[in-house]
Amino acid sequence: MSQSKMISGGFTSTVDSQRPADPMHLLCQMVVETQYEDLPPEVIDHAKCTLLDGMAVTIGGSGMEGIPAIVELVKGKGGKPQTVLPFYGGCVPAAEAALAIGPMPRAMDCGDLHEEAGHISEYVIASLLAATGLRPQITGRDFLTALVVGQEVLVRIGTAYKVISSAIKANDCGGHYIFGAVAAVGKLLRLSPEQLENAQGIARTMTQPHTMGIYAPATLMVRVHHGLVCQSAITACLLAERGITGPRQEVLTGANGFLQTARWETDPEALVRNLGKQWEMTQIISKGYSACYFSHSSIDGILQQMRTNNFAVNDIANIHIDVSPSGWKAVCEPVDQKWKPKTVHECQFSLPYAVATAAVDEVVFAQSYSEQARQRPQIHDLISRIDAAEDPSISDWGARITTTLHDGQRITTEHVYVKGHPKNPFGRQDFVEKFLRCVPFSALPLEQKVAENMIKNIFALDEVEDVVKVLLMPLTPDYNSKTV
């Protein structure tokens, strides 16, 4: 039997059996043993900021294409009322709430991510919100702790899998997201170490090849996928809680482990390196633009060039963009679609659309994808004068922008650390301003006082006794009708 223990702020394994424990054993031990009091102040503060950010994009994405249809499906199923359904009202089974809530934060394409592990909090926060109906009352401290450990597991597994630097180049976008969601929900439900390991083993059987077909061509599955992952995460935890076992020996490593599915060299050491001492979730990146993050350096680049060199969109003759191989896969292929995007999701994953919109409007946000915005001749004219090339010398998230003006002037700049990156981070006020920019796009009109109170409560979440009252109830029709 394998056991593990925490030593000097980190986790180590003492193995009594002949077979070493799968790294998931230590990750589960970290999840179960970590208490709010163990978390450094900077970790708690970062978690609060990512929660505010996650709630912001959930609010902003709540009414976007596909969401009402999923909510209608969920409500039509019926079932035991457990979780409050935000924006649309009612109370539904927790796993069904996850299916409905999961796509909301992804719909804006403005949620956070990690430089190597990809999207993070959209999965974890949606799963936690949905799981709130599975316990009579959840404190803010419990919720924050579950958020942190869920983010940490997701970041570590995604980093070990090398999602951004290797997987995308091989047409794979990772299937690791469910592990972070299971860790968070399992923590919230207070699963035992054995139950959580079983839940993660069950989750391993639910992972599948996640190809770039989600993004190229882009479809509504970009956002719906999140709901399916969150729904499966809650189901895995509920099954394990009821005694259903899952394969635990080779969840992440070994012949049947998740990392074995990679067709490139992975980094298994990242799974438990400095576990409990170094919190990798503090390296989560925040988005300032509503578009695939592979476009953000290019958006920043054209805006900075226009400000620094004092030229307007009408002065631009041509824009050439050099992007990384991963960036090319995500926002430039297939070329015919990316240069002639029509739907919202096609535009969100189109590099030329993002850059053209930035040059014309000086902003790329939810309003950039309205039907009227997408059909503007000025945008499509500029797109026709934008070209791009794949350049392995460009960093994964970076871009080199060369803009030629009608007067012959040629400007070349390179951009990597967009605002929101850990090396160029958001401050609290940046998160607040982004939250307030998202509120007008809510499916349910929200009073300003409701939004201001939610901001205040999230930053003081460790003092909250019932998170449902501050995170979900303020987003329901009945609550808002009483504030009018």
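Computed from heavy atoms alone, side chains included, the values below leave out hydrogens, waters and symmetry copies.
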Carefully, step by step, assess L220 and V344 under the rule side chain to side chain contact (heavy atoms under 4.5 Å, CB included).
CA-CA 9 Å; L220 283 175; V344 173; over 6 Å; no
Using only heavy-atom distances, determine whether the side chains of [X] and [Y] contain a donor-acceptor pair under 3.5 Å.
| X | Y | result |
| --- | --- | --- |
| H176 | Y123 | no |
| H415 | T413 | yes |
| D300 | Y289 | yes |
| T159 | E116 | no |
| H421 | E115 | yes |
| S121 | Q151 | yes |

Lys/Arg cation over aromatic F365: R437, 6.0 Å, 45° cone
yes
A cation-pi test, strictly: NZ or CZ of R374 under 6.0 Å from the centre of the six-membered ring of Y369 and no more than 45 degrees from its axis. Yes or no?
no
So which heavy atom on [X] is nearest to which on [Y], and how close?
| X | Y | answer |
| --- | --- | --- |
| I59 | F435 | CD1-CZ, 3.7 Å |
| K187 | A146 | CG-CA, 3.8 Å |
| I67 | A107 | CD1-CB, 4.5 Å |
| A399 | S298 | CB-OG, 3.3 Å |

Tell me whether [X] contacts the main-chain N or O of [Y] through its side chain, where contact means a donor paired with an acceptor under 3.5 Å.
| X | Y | answer |
| --- | --- | --- |
| N424 | Y417 | yes |
| S442 | P445 | no |
| N453 | V450 | no |
| K419 | P425 | yes |
| W339 | I386 | yes |
| R400 | I394 | no |
| D466 | V468 | yes |
| R156 | R273 | yes |

For [Y], is there an ion pair with [X] - N to carboxylate O distance below 4.0 angstrom?
| X | Y | answer |
| --- | --- | --- |
| K456 | E452 | no |
| E346 | K338 | no |
| D53 | K434 | yes |
| R376 | D361 | yes |
| R190 | D142 | yes |

CD/E362: more than 12 non-hydrogen atoms of other groups inside 6.0 Å
no
Just so I know, are the side chains of L436 and I455 near enough to count as touching, which here means a heavy-atom distance under 4.5 Å?
yes
Min side-chain heavy-atom separation N314-Q378 under 4.5 Å
yes
Please report the interatomic distance OG1(T139) to CG(L461), rounded to the nearest 0.5 Å.
8.0 Å
Side chain to side chain donor-acceptor pair (under 3.5 Å) between Y293 and D109, worked out:
CA-CA 8 Å; Y293 193 65; D109 206 350; over 6 Å; no
Filter on salt bridge (charged side-chain N to carboxylate O under 4.0 Å, His left out), then keep only pairs touching residues 57-80, sequence neighbours left out; what's left?
K77-E96
With a 6.0 Å cut-off on ring centres, are F179 and F258 close enough?
yes
Kindly state whether the ring of Y177 and the ring of H119 have centres lying under 6.0 angstrom apart.
no
